[in-house]
2 protein chains.
Amino acid sequence: MKPQTVPDILPPRGQMAKRLSMLDAGARVFCSEGFAGANIDLIAAEAGVSRQTVYNNFGDKEKLFAAVVGEITDRCTAGAFAVLGTFPDHPKHLETDLTDFAIRFIRNCICDRDGKFLRKLIHMEGERHPELFASWRVGGPGKVWSALAARFARLAFAGFLDIDDPDVAARQFFSLIFTDLQIPALFGEVLSDKEVARSARIAVVTFLRAYGRREAGGETPG
Amino acid sequence: MKPQTVPDILPPRGQMAKRLSMLDAGARVFCSEGFAGANIDLIAAEAGVSRQTVYNNFGDKEKLFAAVVGEITDRCTAGAFAVLGTFPDHPKHLETDLTDFAIRFIRNCICDRDGKFLRKLIHMEGERHPELFASWRVGGPGKVWSALAARFARLAFAGFLDIDDPDVAARQFFSLIFTDLQIPALFGEVLSDKEVARSARIAVVTFLRAYGRREAGGETPG
DNA sequence: GACGAATTGGACAAGGCTGTCTAAAAAAAT
DNA sequence: ATTTTTTTAGACAGCCTTGTCCAATTCGTC
């Protein structure tokens with residue numbers, strides 16, 4: 001063990017720190033001003049670097065934007081899979097565990113900074129430059145849905161749920177989760193933990209009304 | 001009957017035609033280029049008027065944008081209420097009638113031109129200029145949800161549904177309807193009638209699994 | 001400490017856009 | 001038919017932005 005050189009990228013220092021700083025500032029400015037309205041000088045200032053450094057690192061505005069999109073989509077996909085790893089495969093109390101899972105998903109994938117950025121980036125440039133998001137579409141939502149569907153299928157197999165089509169159930173689960181978050185999210189409103197918890201709770205209640213086991217009566221098993 | 005003077009505004013002619021044309025072109029250009037990227041010359045050209053006419057009618061770019069937002073939000077709200085008027089208050093076959101209603105809603109409020117414009121406008125400027133959408137928020141989704149909740153409550157009272165909170169059920173109904181449309185809509189993809197019908201169908205099936213009457217068992221009553 | 005790479009701040013040209021102004025033309029109203 | 005209003009095309013100033021270039025400076029590393 002020679003702690004002299006640190007080959008790992010644990011503390012992003014030096015060039016990497018600047019690069020991340022620029023991507024971060026780029027995400028902020030692009031999202032709030034739009035691509036055309038975004039000002040490279042402002043991005044450089046917010047990143048704490050000179051404009052020339054931005055051009056040195058990314059070439060031009062469009063390439064910077066593409067890099068920002070790549071960074072955000074990667075982070076969002078990683079975040080979604082991280083939360084997916086906390087799915088309650090062996091639930092003690094199904095409703096509670098699913099609700100907690102939903103809360104984690106909302107907090108880490110929808111209401112967080114990257115989630116907001118991703119939504120805005122897609123809305124801004126999804127139609128004009130779909131190729132920027134092509135890899136995200138197949139590696140992000142597509143895979144996340146499949147993975148969640150597999151978890152639901154396992155729960156159904158174990159007798160916790162009554163599901164015909166796990167893929168449909170997975171997509172509808174997300175949709176129900178987002179029900180009351182969509183409009184506030186559009187206007188950048190920050191949701192309190194209480195609101196998030198309430199949204200998750202009523203979503204899971206409805207989800208279980210639709211997909212919970214029929215024979216075993218609802219909330220009072222014992 | 002003196003058809004010499006036409007006080008009504010039935011055929012939008014003259015100034016009104018130009019105004020609508022400008023609002024229309026403005027919506028197209030603002031939505032595809034963003035506010036900062038939108039070019040007044042291009043809007044004027046697409047509207048078939050001179051740039052000066054745009055300035056004469058709306059003052060400046062921001063006022064034109066506000067007028068576009070007002071026009072689109074008004075149209076979307078009106079469209080939503082028009083579809084709401086076709087709700088099956090006395091369903092012959094609940095699932096079929098609700099599915100048809102959902103299809104009408106998708107076609108006329110989500111997948112139509114104004115629906116697309118509204119989503120983009122909100123995403124672009126909702127956070128920066130929430131006041132532009134304040135009246136829409138209370139008069140649009142808020143009222144539509146309430147109205148749909150009232151219809152569901154009536155169906156529940158008539159014994160067709162089993163609903164605890166009609167407001168929640170109404171919002172979740174919309175949410176389920178949009179499940180499979182969100183991402184394609186983001187990328188401007190046009191949905192076939194088949195896809196729309198399928199989305200509506202599986203949404204209504206799940207909705208009825210959650211909120212259909214309990215005692216009258218679903219598909220396998222025996 | 002010394003070297004090379006990266007960074008900085010500023011100046012700079014080229015281009016685009018907004019918003020105003022004007023005189024001519026067209027449209028509408030009387 | 002005439003008068004009034006609206007529309008048009010074009011020119012124009014002012015401003016902002018992108019992207020490049022360059023000399024001076026700082027940073028990371030040996």
Side-chain angles (χ1 to χ4, degrees), chain A residues 2-26 28-68 124-125 128-129, chain B residues 2-26 28-68 124-125 128-129:
Chain A
K2 297 173 184 174
Q4 297 175 349
T5 60
V6 187
D8 289 336
I9 347 159
L10 289 183
R13 255 168 49 191
Q15 308 172 246
M16 202 56 189
K18 283 202 195 300
R19 187 184 175 84
L20 284 181
S21 179
M22 286 185 276
L23 288 173
D24 206 67
R28 275 198 306 274
V29 175
F30 278 130
C31 286
S32 82
E33 316 286 334
F35 177 80
N39 183 320
I40 302 263
D41 283 344
L42 178 59
I43 293 175
E46 288 218 7
V49 302
S50 74
R51 176 181 49 226
Q52 190 59 43
T53 301
V54 177
Y55 282 104
N56 286 344
N57 273 270
F58 298 99
D60 61 15
K61 196 178 180 182
E62 293 215 26
K63 295 203 190 73
L64 170 60
F65 184 77
V68 167
M124 284 191 323
E125 294 296 313
R128 188 200 300 282
H129 297 301
Chain B
K2 297 173 184 174
Q4 296 173 352
T5 61
V6 187
D8 289 334
I9 346 158
L10 288 181
R13 256 167 49 191
Q15 306 172 247
M16 202 56 190
K18 282 200 197 303
R19 187 182 175 85
L20 284 181
S21 179
M22 285 185 275
L23 288 173
D24 206 67
R28 276 198 304 274
V29 176
F30 278 130
C31 287
S32 82
E33 316 286 334
F35 177 80
N39 183 320
I40 302 266
D41 283 344
L42 178 58
I43 294 174
E46 287 218 7
V49 302
S50 74
R51 174 179 53 223
Q52 189 59 43
T53 300
V54 177
Y55 282 104
N56 286 343
N57 273 270
F58 297 100
D60 62 16
K61 196 179 181 180
E62 293 215 26
K63 295 204 190 72
L64 169 62
F65 184 76
V68 167
M124 284 191 321
E125 293 296 312
R128 186 200 299 282
H129 297 301

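Throughout, a chain's letter reflects where its sequence line sits, starting with A, and its residues are numbered from 1.
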Q | Angle by which the axis turns from one end of the helix from C/dG1-D/dC30 to C/dT30-D/dA1 to the other, five pairs per end, to 10 degrees | A | 40°
Roughly, in whole Å, what's the span from [atom1] in [X] to [atom2] in [N]?
{"X": "B/Leu64", "N": "C/dT18", "atom1": "CG", "atom2": "C1'", "value": "13 Å"}
{"X": "B/Met16", "N": "D/dT6", "atom1": "CE", "atom2": "C1'", "value": "16 Å"}
{"X": "B/Asn56", "N": "C/dT22", "atom1": "CG", "atom2": "P", "value": "14 Å"}
{"X": "A/Gln52", "N": "D/dT25", "atom1": "CD", "atom2": "C1'", "value": "15 Å"}
{"X": "B/Lys18", "N": "D/dT5", "atom1": "NZ", "atom2": "P", "value": "19 Å"}
{"X": "B/Asn57", "N": "D/dT7", "atom1": "CG", "atom2": "C1'", "value": "10 Å"}

**Q.** Partners meeting ring pair (Phe, Tyr, Trp, His ring centres under 6.0 Å) with B/Phe35 (sequence neighbours left out)
**A.** B/Phe30, B/Phe65
Q: Using side-chain contact (heavy atoms from CB on, under 4.5 Å) as the criterion, list what pairs up with B/Ser21, not counting sequence neighbours.
A: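 Here the qualifying residues are B/Ala47.
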Q.
Can you list everything that forms a side-chain contact (heavy atoms from CB on, under 4.5 Å) with A/Ala67? Sequence neighbours excluded, please.
A.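 Partners of A/Ala67 by the side-chain contact (heavy atoms from CB on, under 4.5 Å) criterion, ordered by chain and then number, come out as A/Leu23, A/Phe58.
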Are there any protein N/O atoms within less than 3.5 Å of an N/O atom in nucleotides 15-19 of chain D, and if so, which ones and at what distance?
residue : atom : partner : partner atom : Å
D/dT17  : OP1  : A/Asn39 : ND2          : 3.0
D/dT17  : OP2  : A/Asn39 : ND2          : 3.3
D/dT17  : O5'  : A/Asn39 : ND2          : 3.4
D/dT18  : OP1  : A/Ala38 : O            : 2.9
D/dT18  : OP1  : A/Ile40 : N            : 3.3
D/dT18  : OP1  : A/Lys61 : NZ           : 3.4
D/dT18  : OP2  : A/Ile40 : N            : 3.4
D/dG19  : OP2  : A/Tyr55 : OH           : 3.3
D/dG19  : OP2  : A/Lys61 : N            : 3.2

Q) Counting only side-chain N and O atoms of B/Thr53, is one of them less than 4.0 Å from OP1 or OP2 of D/dT6? A)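 So the side chain of B/Thr53 is outside the cut-off, no N or O lying under 4.0 Å from OP1 or OP2 of D/dT6.
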(Q) Suppose the criterion is salt bridge (charged side-chain N to carboxylate O under 4.0 Å, His left out): which pairs have a residue in residues 49-59 of chain A, not counting sequence neighbours? (A)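 Applying salt bridge (charged side-chain N to carboxylate O under 4.0 Å, His left out) to every pair that reaches into residues 49-59 of chain A, excluding sequence neighbours, yields A/Asp41-A/Arg51.
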Q: Name all pairs fulfilling the salt bridge (charged side-chain N to carboxylate O under 4.0 Å, His left out) condition that reach into residues 29-38 of chain A, sequence neighbours left out, sorted by first residue then second.
A: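 Non-adjacent pairs meeting salt bridge (charged side-chain N to carboxylate O under 4.0 Å, His left out): A/Glu33-B/Arg128.
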Q) Does B/Gln52 have any side-chain hydrogen bond (donor to acceptor under 3.5 Å, both in side chains) partners at least two apart in sequence or in another chain, and if so, which? A) B/Asn56
Q: Take A/Val49 and A/Asn57, measure what side-chain contact (heavy atoms from CB on, under 4.5 Å) needs, and give me the verdict at the end.
A: CA-CA 11 Å; A/Val49 302; A/Asn57 273 270; over 6 Å; no
Q: Could you list the residues that satisfy salt bridge (Lys or Arg N to Asp or Glu O under 4.0 Å) with A/Glu46, not counting sequence neighbours?
A: A/Arg28
